Amino acid sequence: MTQTMIPSAPKRVFIKTYGCQMNVYDSDRMADALAPHGYTPTQELAEADLVLLNTCHIREKASEKVFSELGRLRELQDEKRAAGSDMMIGVAGCVAQAEGEEIARRAPVVDLVFGPQAYHRLPEMLSQVESRKHLHPSLKRAVIDTDFPEEDKFAHLPAAKKEVMVARGLTAFLTVQEGCDKFCSFCVVPYTRGAEVSRPVSQVLDEARRLVDAGVKEITLLGQNVNAYHGTDAAGRDVGLGALVYLLAEISGLERLRYTTSHPRDMDDALINAHRDLPLLMPYLHLPVQSGSDRILKAMNRKHTRAEYLALIERIKTARPDMAMSGDFIVGFPGETDQDFEDTLDIIRQTNYASAYSFKYSTRPGTPGANLGDQIAEEVKTERLHRLQELVNQQTTDFHASMIGKTLPVLIERVGRQAGQIGGRSPYLQAVHLDGSPDLIGNIHQVEIIGTMTNSLVGRLAQS
Ligand code: SAH
Ligand code: SF4
Ligand code: F3S
């Protein structure tokens with residue numbers, strides 16, 4: 001089905017990615033789906049024959065960005081047409097899934113709109129756009145595909161060529177799970193990504209082996225609820241994320257493994273034990289709690305309490321004492337009082353995060369939160385966000401400073417900005433700069449941390 005287009009003259013696709021890591025992964029999959037049909041990716045918008053916006057619907061600001069971008073693209077398209085060339089414009093991702101036809105109505109410049117479950121059908125959709133090209137503009141309609149199909153998208157997406165994978169670098173994302181059944185009352189993801197689906201174990205292992213074969217040293221497993229993963233193995237058995245991680249750890253050449261985003265309710269013993277047993281599983285865990293107030297957690301439908309979250313972190317740190325935490329927070333959820341907010345600051349103090357993302361609550365149409373009374377005033381949200389970020393930034397600064405004098409394994413990924421420098425990542429995803437030969441790129445080296453900068457660490461190669 002996906003091979004209906006005949007390879008033709010080389011064309012360029014420009015893909016702009018918004019939102020989470022899953023969209024980053026998906027953008028590469030779209031590029032892979034288009035490659036057999038003559039499209040190569042470009043970073044230059046002006047030379048694109050096809051522009052794809054891979055969009056995010058999570059907050060109002062994120063989804064509004066799409067329409068301002070489409071306005072700019074319309075001007076570019078007018079210029080191109082005046083110069084005798086053309087370009088197709090597609091909207092993919094979560095805004096496409098949520099708003100579908102509305103996008104085509106609001107922005108007639110759009111040729112196709114398609115949701116995350118339709119990426120394997122992209123070449124086919126482009127053929128449809130091409131076949132409508134000769135129609136009078138008044139008759140042209142965008143091609144829209146926002147179905148949740150029965151077939152397994154991943155099984156229909158082609159693998160990238162090895163040289164393309166090599167060029168993508170030493171670290172890679174690998175989506176193992178998509179969608180969400182949790183329905184937190186503020187969140188659009190269950191609607192934009194659909195129900196939770198896990199990829200079969202063999203598919204995940206095959207993709208991981210291909211990545212490692214192409215030189216990847218570090219894989220981050222992705223899912224909206226990655227630790228709710230429950231794939232099926234060849235014998236038909238159910239395999240959770242904990243067990244999957246042990247299987248991946250056997251791949252020779254794979255040196256680091258991460259996973260994100262986890263939900264506190266799905267951190268089971270198997271996964272916690274994997275942190276105890278497997279050195280390749282990095283001691284850095286993104287485990288959002290959103291709020292430190294039991295009342296708000298309940299209203300958010302998070303299905304756990306503050307005490308349960310704190311106890312869980314204790315268990316994780318017992319299994320892996322060098323574990324550092326990262327989190328997400330929403331301030332100004334409807335009904336959040338000063339005391340609720342103080343409870344959030346308090347859980348941040350108790351947990352001591354290495355980093356955290358924080359957001360003002362954004363009312364999303366169609367979610368239960370949108371119908372709650374007692375929405376919080378914008379100034380209050382702003383003030384709370386500011387206070388929360390001050391606290392978290394201090395914790396991040398302290399965390400970086402606590403690295404000074406330690407020797408950390410650093411995956412050297414690139415030459416540095418200054419001559420003679422190289423750079424890489426610590427186990428805690430901190431950028432590390434040091435003097436060293438580019439020959440070290442591609443491997444993990446022990447680096448003594450001697451200083452910090454705002455968002456990175458400075459080190460020197462440890463004597464071995
Ligand atoms: N599945 C993950 C979160 C995915 S969305 C989890 O359960 O933790 C990423 C982050 O965006 C969330 O953790 C939350 O902090 C934020 N977010 C989601 N919906 C939001 C909204 N309506 N307003 C503000 N922030 C939101
Ligand atoms: Fe959204 Fe909650 Fe699902 Fe996370 S668990 S994706 S916040 S509904
Ligand atoms: Fe945004 Fe969709 Fe990811 S809404 S955060 S791109 S799952």
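Remember, predicted model here, so these are calculated numbers, not experimental data. In listed order, ligands and their atoms are each counted from 1.
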| Any donor-acceptor N or O pair under 3.5 Å, side chains Ser355, Tyr284 | yes
Ligand 1 to Arg364, heavy atom cutoff 4.0 Å, flagged ligand atoms 22 (N)
Practice problem: Verify, without hydrogens or angle tests, whether Thr367 (side chain) and Thr363 (backbone) share a donor-acceptor contact under 3.5 angstrom. | Solution: no
In terms of its nearest heavy atom to atom 26 (C) of ligand 1, the top option of Arg59, Lys381, Met22 is Arg59
inquiry  = I'd like to know if Glu102 pairs up with Arg105 as an ion pair, taking the criterion as any Lys NZ or Arg NE/NH1/NH2 lying under 4.0 Å from an Asp or Glu carboxylate oxygen.
reply    = yes
The closest protein heavy-atom partner of atom 4 (S) of ligand 3 is His57 N, 3.2 Å
The answer for which part of Phe186 has a heavy atom under 4.0 Å from ligand 1 is both
One finds that the ligand 1 atoms under 4.0 Å from a non-hydrogen atom of Gln224 are 1 (N), 2 (C)
Numbered in order shown, the ligand 2 atoms found under 4.0 Å of a heavy atom of Pro190 are 8 (S)
heavy-atom search around atom 6 (S) of ligand 3 in the protein gives Asn23 ND2, 3.3 Å
Exercise. With a distance cut-off below 6.0 Å to the six-membered ring centre and an angular limit of 45° from the axis, does Arg121 pair with Phe114 as a cation-pi contact?
Worked result: no
Among non-hydrogen protein atoms, atom 21 (C) of ligand 1 lies closest to Ser362 O, 3.7 Å
Any side-chain donor paired with an acceptor under 3.5 Å for Asp49 and Tyr39?
no
Within 4.0 Å of some non-hydrogen atom of Cys56, the atoms of ligand 3 are 1 (Fe), 4 (S), 5 (S), 6 (S)
Is the shortest side-chain N to carboxylate O distance from Asp32 to Arg29 below 4.0 Å? yes
Exercise. Do the ring planes of His263 and His304 sit parallel (below 30°), tilted (30 to 60°) or perpendicular (above 60°)?
Worked result: perpendicular
Atom 9 (C) of ligand 1: closest protein heavy atom, distance to 0.1 Å, is Asp328 OD2, 3.8 Å
of all protein heavy atoms, closest to atom 4 (Fe) of ligand 2 is Arg302 NH1, 4.2 Å
Please work out whether the ring planes of Tyr357 and His286 are parallel, tilted or perpendicular, with thresholds of 30° and 60°. perpendicular
key: His57 and Gln97: side chain donor to acceptor below 3.5 Å   = no
heavy-atom search around atom 2 (Fe) of ligand 2 in the protein gives Cys184 SG, 2.3 Å
Taking only non-hydrogen atoms of Asn225 and a 4.0 Å limit, the atoms of ligand 2 in range are 3 (Fe), 5 (S)
So CD1 of Ile347 and CG of Leu297: to nearest 0.5 Å the spacing works out to 7.0 Å
Per-atom filter on ligand 1: closer than 4.0 angstrom to a heavy atom of Pro288 are 8 (O)
- Message: Quick check against the 3.5 Å criterion: does Asp343 have a side-chain atom that pairs as donor or acceptor with the backbone of Asp340?
- Response: no
Numbered in order shown, the ligand 2 atoms found under 4.0 Å of a heavy atom of Cys180 are 3 (Fe), 5 (S), 6 (S), 8 (S)
re atom 7 (S) of ligand 3, the protein heavy-atom contact at minimum distance is Gln224 NE2, 3.1 Å
Electrostatic pair Arg106:Glu64 at N-O distance under 4.0 angstrom: yes
shortest atom 2 (C) of ligand 1-to-protein heavy-atom contact is with Thr261 CG2, 3.6 Å
Of all protein heavy atoms, the one nearest atom 5 (S) of ligand 1 is Ile58 CD1, 3.5 Å
Modelled atom types, side-chain donor and acceptor of Asp152 and His120, under 3.5 Å: no
Taking N, O or S atoms only and a limit of 2.8 Å, check whether Cys20 reaches atom 3 (Fe) of ligand 3. yes
| said: For Ser362 and Glu60, which I'm curious about, is there any donor-acceptor pair between the side chains at under 3.5 Å? | reply: no
Candidates Lys182, Lys360, Gln290, Arg302; heavy atom nearest atom 7 (O) of ligand 1 found on Arg302
For Phe186, the atoms of ligand 2 under 4.0 Å from one of its heavy atoms are 7 (S)
Here the atoms of ligand 3 under 4.0 Å from any heavy atom belonging to Cys94 are 2 (Fe), 4 (S), 6 (S), 7 (S)
So the atoms of ligand 2 within less than 4.0 Å of a heavy atom of His263 turn out to be 5 (S)
re atom 1 (Fe) of ligand 2, the protein heavy-atom contact at minimum distance is Cys187 SG, 2.3 Å
